[in-house]
Amino acid sequence: LAVLTGARVLNGEYRLAPEHPFPAAVDDVVHTYRWLTERVDPTRVAVSGESAGASLTLALLVHARDEGAVLPRCAYLLSPAPDMSESWSLARSRVWRDPWISVPMVDSVRRDYLGANQHLVVHPLVSPVFAELQGLPSMLVQVGELEPFRDSILRFVGKARRSGVDVTLDE
C-alpha cells in the first residue's frame with residue numbers, strides 16, 4: 001500500500017492473545033493512534049488492516065469516535081471479522097470451502113482473544129457489527145466471495161450504510 005499510494009506508513013504492533021487477551025490489542029492500537037495524531041493531522045491519516053488487523057481498525061474507529069477524538073480521513077479494511085459471536089457465519093457451509101479458516105479455528109481464536117471474559121463476545125470493540133456506527137469515516141471494505149466471515153462483513157456494511165457511513169464494498 002505504501003508503494004502504491006506513495007504514503008508514509010506507520011505499522012503499529014499490538015499484544016497478542018492468549019497471553020494478552022482483550023482489550024490489550026485494542027488498547028495498543030488506540031495508543032498508537034493517539035501517538036500518531038499528536039504528530040500528524042488526523043484528517044491526513046488513513047487507517048488500514050487485514051484480517052485481525054482490520055477488526056482492530058474497526059475497534060479503533062468506534063473507540064476513537066466514542067472518546068470524541070478526531071477520526072482519520074478514511075479506513076481500508078481487508079477481510080475483517082466484525083462479528084465474533086456465534087452468529088459470525090450465518091451460512092456455515094461456506095466455512096468448509098475456505099482452505100485456511102474453520103469453525104474450530106474461529107472458536108479457538110475467540111476463546112484465546114477473550115480469555116476469562118467470554119461474555120464480552122458482543123462488546124462493540126470485539127464484534128463491531130453490534131456497535132453504533134454513525135459518525136465513522138468513509139471505508140473501503142474488501143471481502144472474498146468464499147470467505148467464512150463474508151456474511152458478517154455484509155451485515156456490517158449494510159448496517160454502516162444505514163447508519164450514514166460512506167462504505168464502498170469490493171467483493
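Here the structure is a predicted model, which is why all the values come from computation and not from measurement.
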May I ask you to test the [X]-[Y] pair for a side-chain heavy-atom distance under 4.5 Å?
{"X": "L58", "Y": "P80", "value": "yes"}
{"X": "M84", "Y": "F149", "value": "yes"}
{"X": "L133", "Y": "F156", "value": "yes"}
{"X": "H31", "Y": "R34", "value": "no"}
{"X": "V29", "Y": "T57", "value": "no"}
{"X": "P21", "Y": "N117", "value": "no"}
{"X": "E86", "Y": "V121", "value": "no"}
{"X": "V45", "Y": "L10", "value": "no"}

May I ask you to decide if [Y]'s main-chain N or O and [X]'s side chain share a donor-acceptor pair within less than 3.5 Å?
{"X": "Q118", "Y": "R111", "answer": "yes"}
{"X": "S85", "Y": "V122", "answer": "no"}
{"X": "R110", "Y": "V106", "answer": "no"}
{"X": "S108", "Y": "P104", "answer": "no"}

Taking [atom1] in [X] as the centre, count heavy atoms belonging to other residues, nucleotides or ligands within less than 6.0 Å. Is the count above 12?
{"X": "D41", "atom1": "CG", "result": "yes"}
{"X": "R39", "atom1": "CZ", "result": "yes"}
{"X": "E13", "atom1": "CD", "result": "no"}
{"X": "R15", "atom1": "CZ", "result": "yes"}

Within this structure, what is the [atom1]-[atom2] distance for the pair [X] and [Y], rounded to the nearest 0.5 Å?
{"X": "D166", "Y": "L140", "atom1": "CG", "atom2": "CG", "answer": "10.5 Å"}
{"X": "D112", "Y": "H20", "atom1": "CG", "atom2": "NE2", "answer": "12.5 Å"}
{"X": "L77", "Y": "L61", "atom1": "CG", "atom2": "CG", "answer": "7.0 Å"}
{"X": "Y33", "Y": "E38", "atom1": "OH", "atom2": "CD", "answer": "11.5 Å"}
{"X": "R161", "Y": "M139", "atom1": "CZ", "atom2": "CE", "answer": "11.5 Å"}
{"X": "L154", "Y": "E147", "atom1": "CG", "atom2": "CD", "answer": "10.0 Å"}

Exercise. Which of these passes salt bridge (Lys or Arg N to Asp or Glu O under 4.0 Å) with D83: R155, K159, R150?
Worked result: R155

Between [X] and [Y], is there a shared hydrophobic cluster once you connect ILVMFWY residues whose side-chain heavy atoms come closer than 4.5 Å?
{"X": "V40", "Y": "L1", "value": "no"}
{"X": "V70", "Y": "V30", "value": "no"}
{"X": "L120", "Y": "L16", "value": "yes"}
{"X": "V165", "Y": "I153", "value": "yes"}

For this session: For residues H123 and F22, establish whether the separation of their ring centroids is below 6.0 Å.
Result: yes

For this session: Carefully, step by step, assess R65 and E132 under the rule salt bridge (Lys or Arg N to Asp or Glu O under 4.0 Å).
Result: CA-CA 10 Å; R65 191 248 353 250; E132 295 297 325; over 6 Å; no

